[in-house]
Amino acid sequence: MSEAYFPVGPGLGMEENFLSLDDILMSQEKLPGRAESALPRLAVMLGRGAGSAESVPEGSKLEIPLWLAKGLHDSKRRIISVELPKIYKEAWRTVFSADANVVDLHKMGPYYYGFGSQLLNFENPENPEIAQTDSVCSLQTFIARFRRIMDSSQNAYNEDTSALVARLDELERALFQVGQKGLNDFQCWEKGQASQITASSLVQNYGKRKLAEVDG
């Protein structure tokens, strides 16, 4: 009998968890960049040629998957340079600061928070601002949206929630689902359909992580 599959959560900060499907999908998101030197045999991979032996000329503008950009980026050798996607630039950070709840994060990028923290791997003069507004650890955008997400999840019992989650990124959708599960479990307990209330998966995973840190 096969064992049940338990999803692996994404990594935190600048490092991905390569056992996480979410992180694998996030690593396919593309970054704008430039070839600072010729890139031999990478034209096909970057969608710029038909033959496997074709090279990308120096100075070419590129759209580079995150996983490849991290592999090629080297501050000493200057193989490629990476630019900020427009949704992380100052103009959009101003929008988030004004009212983060109006922004459709899923349309901008389904892994907005995780992808934003990955940008700190690359040299950019705006990195300090990104760390303050977009990293998962000190996230102003996330803080501004969190209360509304949890309020929505707690006030949508047995309702169609597709419209509520349509504008959320994948991390926010996961939190919404946790809130929904907690609400459903409580309703079952209140109706006598459950013998006890158990801790949420978030609390259980946090406890396991703290124990692992102590044992380490």
Side-chain angles (χ1 to χ4, degrees), residues 8-98 100 103-142 145 167-173:
V8 177
L12 297 175
M14 297 166 62
E15 296 301 323
E16 304 108 309
N17 182 341
F18 290 105
L19 297 177
S20 168
L21 290 178
D22 282 330
D23 276 358
I24 292 171
L25 292 173
M26 179 190 68
S27 72
Q28 302 298 320
E29 296 284 314
K30 293 184 178 180
L31 286 163
R34 181 179 183 274
E36 299 296 340
S37 60
L39 304 177
R41 300 186 179 183
L42 285 181
V44 172
M45 185 175 294
L46 295 171
R48 300 180 61 89
S52 60
E54 290 190 42
S55 299
V56 176
E58 180 180 347
S60 300
K61 291 187 176 182
L62 306 170
E63 290 287 325
I64 318 169
L66 172 63
W67 64 268
L68 181 58
K70 290 180 70 173
L72 292 175
H73 184 260
D74 188 323
S75 59
K76 295 180 180 179
R77 296 178 60 192
R78 297 289 292 175
I79 300 172
I80 63 167
S81 57
V82 172
E83 301 173 11
L84 283 181
K86 65 179 182 180
I87 60 172
Y88 298 98
K89 290 185 177 180
E90 183 178 0
W92 274 106
R93 293 201 301 270
T94 301
V95 173
F96 289 129
S97 298
V103 181
D104 186 341
L105 282 191
H106 202 267
K107 183 178 180 180
M108 292 187 163
Y111 299 98
Y112 176 80
Y113 299 114
F115 194 63
S117 66
Q118 292 293 312
L119 298 179
L120 301 177
N121 284 290
F122 307 101
E123 297 174 355
N124 190 287
E126 294 187 65
N127 272 0
E129 289 79 11
I130 294 173
Q132 288 300 314
T133 57
D134 295 317
S135 83
V136 174
C137 298
S138 57
L139 199 55
Q140 299 303 314
T141 301
F142 180 78
R145 291 166 63 96
R167 299 164 65 85
L168 307 182
D169 105 310
E170 292 300 321
L171 172 62
E172 293 175 335
R173 289 183 176 189

For Lys107 and Arg167, run side chain to side chain contact (heavy atoms under 4.5 Å, CB included): C-alpha distance rounded to whole Å, both residues' side-chain angles, the deciding distance at 0.1 Å, then the answer. CA-CA 7 Å; Lys107 183 178 180 180; Arg167 299 164 65 85; over 6 Å; no
Enter the distance from Ile80:CD1 to Ser60:OG here, rounded to the nearest 0.5 Å. 12.5 Å
Side chains of Ser37 and Glu58: is there a donor and an acceptor less than 3.5 Å apart? no
Here the gap from Glu83 atom CD to Leu119 atom CG, rounded to the nearest 0.5 Å, amounts to 12.0 Å
Heavy-atom pair of closest approach, residues Gly33 and Ile64: CA-CD1, 4.3 Å
What are the two closest non-hydrogen atoms of Arg34 and Leu62, and how far apart are they? C-CD1, 4.1 Å
Step-by-step side chain to side chain contact (heavy atoms under 4.5 Å, CB included) determination, Leu168 to Leu105: CA-CA 6 Å; Leu168 307 182; Leu105 282 191; over 6 Å; no
Which atom of Pro85 lies closest to which atom of Phe115, heavy atoms considered: CG-CE2, 4.0 Å
Apply side chain to side chain contact (heavy atoms under 4.5 Å, CB included) to residues Met26 and Glu170 and explain how you reach the verdict. CA-CA 10 Å; Met26 179 190 68; Glu170 292 300 321; over 6 Å; no
Sidechain N-carboxylate O distance under 4.0 Å for Glu63, Lys30: no
State the CG-CZ distance between Leu72 and Arg77, to the nearest 0.5 angstrom. 9.5 Å
Closest non-hydrogen atom pair, Lys70 against Gln118: NZ-OE1, 2.8 Å
Identify the two heavy atoms, one from Val82 and one from Leu31, that lie closest to each other, and give their separation to 0.1 Å. CG1-CD1, 3.8 Å
Measure the CG-CG distance between Leu66 and Leu25 for me, rounded to the nearest 0.5 Å. 12.0 Å
Approximate separation, where rounding is to 0.5 Å, of Tyr113 OH and Asp169 CG: 5.5 Å
Can you tell which of Trp92, Phe96, Phe142 makes a ring-ring contact (aromatic ring centres under 6.0 Å, His included) with Tyr112? Phe96
Between Arg145 and Glu172, is there a donor-acceptor pair closer than 3.5 Å when you use the side chain of the first and the backbone of the second? no
Which atom names give the shortest non-hydrogen contact between Ala35 and Pro57, and what distance separates them? CB-O, 3.7 Å
Set out, in order, the CA-CA distance, both residues' side-chain angles and the distance that settles salt bridge (charged side-chain N to carboxylate O under 4.0 Å, His left out) for Arg41 and Glu54, then state yes or no. CA-CA 5 Å; Arg41 300 186 179 183; Glu54 290 190 42; over 6 Å; no
